[in-house]
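Atoms within a ligand are numbered from 1 in the order they appear, just like the ligands themselves.
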Amino acid sequence: MQTILSVKNLNKRYGALQALKNVSFEIQKGNVYGILGPNGSGKSTTLGIALNVVNKTSGEYSWFDGTMETHEALKKVGAIIERPNFYPYMTAKENLELVCKIKGINYSKVTEKLELVGLVERQYSKFSTFSLGMKQRLAIASALLNDPEILILDEPTNGLDPQGIHQIRDIIKQIASKGTTILLASHLLDEVEKVCTHVLVLRKGVILYTGLVDGMSANDVFFELQADDNDTLMSVLSVHPAVKNVAIDQGKVLVYLKENLEAKELNRFLFEKNIVLNHLIKRKNSLEEQFLELTEKN
Ligand code: ADP
Ligand code: MG
């Protein structure tokens, strides 16, 4: 597997404020990474340092296994870290052609990328007539003109309406499905859950978790039960050998396990003890619950 970006013990100070503390992570080719953290956690600072627009205080980062200098490597990186800005009086097509001209890219890429972001029909409209969502889509098309190895996006759906958000997320998934590595920063859990395969959870400049989005909750399977008499249900459950502990939340009995237990087995066990359930769900802790747990405890 090829490492696209490797960050080691990165620190950033803005005066007295330590914005990043020993941040380390690796971005592998073909995956979709989300840097997830509340506002002010250091997401944009991390991206800015990797893109050489913010100076690091200490630590290291290297692109493409350290095989090339940062300025060379950045030619293979497509990034949108600011509000998209193009010439307002020029059309979408003209704006992208200008980018091609500046970067020495064949004009044939313009139509291909406009198609990808669903703007072919609006290619002759002036940029000034575009909605924020369309502007953002044009920025994505522009960042992809040279077929970069990785696309970096900072809060790509901020300020968009629900339809615009949906369109951007679909486009990101489509780009990922073609093998482009993606790194996006977001403060939205559901965005990372919907779009990303991997997540880095950042809070106050510290990485709290890195790994698979699914892996975050893999070890946390539990049952949610309800019976007419929840008290009896809880006392019967507490003697089951597979049950670790039992809790009650909003009228539902939550059953945490120390070993695997199938829903069918649990149901049969309770029925034999004369307990009839009116609710049984096998659940995994959602990323949201895990995220809140992580960020509250630390
Ligand atoms: P995020 O993108 O997660 O919202 P940022 O990386 O923008 O977080 O900011 C991290 C912290 O650094 C915040 O406390 C922010 O106020 C501070 N910060 C960011 N940029 C600057 C700057 N240019 N000067 C001083 N402080 C900054
Ligand atoms: Mg930010």
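Ion pairing between a basic and an acidic side chain is recognised when a charged N comes within 4.0 Å of a carboxylate O; Glu155 and Lys43 show such pairing. Taking 4.0 Å as the cut-off between side-chain N and carboxylate O, Glu265 and Arg268 do not count as a salt-bridged pair. Remark: Asp147 engages Lys113 in a salt bridge, criterion side-chain N to carboxylate O under 4.0 Å.
The shortest N or O to N or O distance between Gly40 and ligand 1 is below 3.5 Å. Taking distance alone, with nitrogen or oxygen atoms compared against 3.5 Å, Gly42 approaches ligand 1 more closely than that limit.
Using a 4.0 Å cut-off to heavy atoms of Ser44, the atoms of ligand 1 that qualify are 1 (P), 2 (O), 6 (O), 7 (O). Each of the atoms 4 (O) of ligand 1 lies under 4.0 Å from some heavy atom of Asn39.
Closer than 4.0 Å to atom 18 (N) of ligand 1 lies at least one heavy atom of the protein.
In this structure, atom 26 (N) of ligand 1 lies nearest to the protein heavy atom Tyr14 CG, 3.3 Å.
Here Thr45 fails the criterion, with no N, O or S atom under 2.8 Å of the Mg ion (ligand 2).
With a heavy-atom cut-off of 4.0 Å, Pro38 touches ligand 1 through its backbone alone. With a 4.0 Å heavy-atom cut-off, ligand 1 is reached by the side chain of Leu17 but not by its N, CA, C or O.
Within the structure, the closest approach of Ser41 to ligand 1 falls below 4.0 Å when heavy atoms are considered.
In this structure, Lys12 satisfies the cation-pi test against Tyr14, with its NZ or CZ atom closer than 6.0 Å to the six-membered ring centre and inside 45 degrees of the ring normal.
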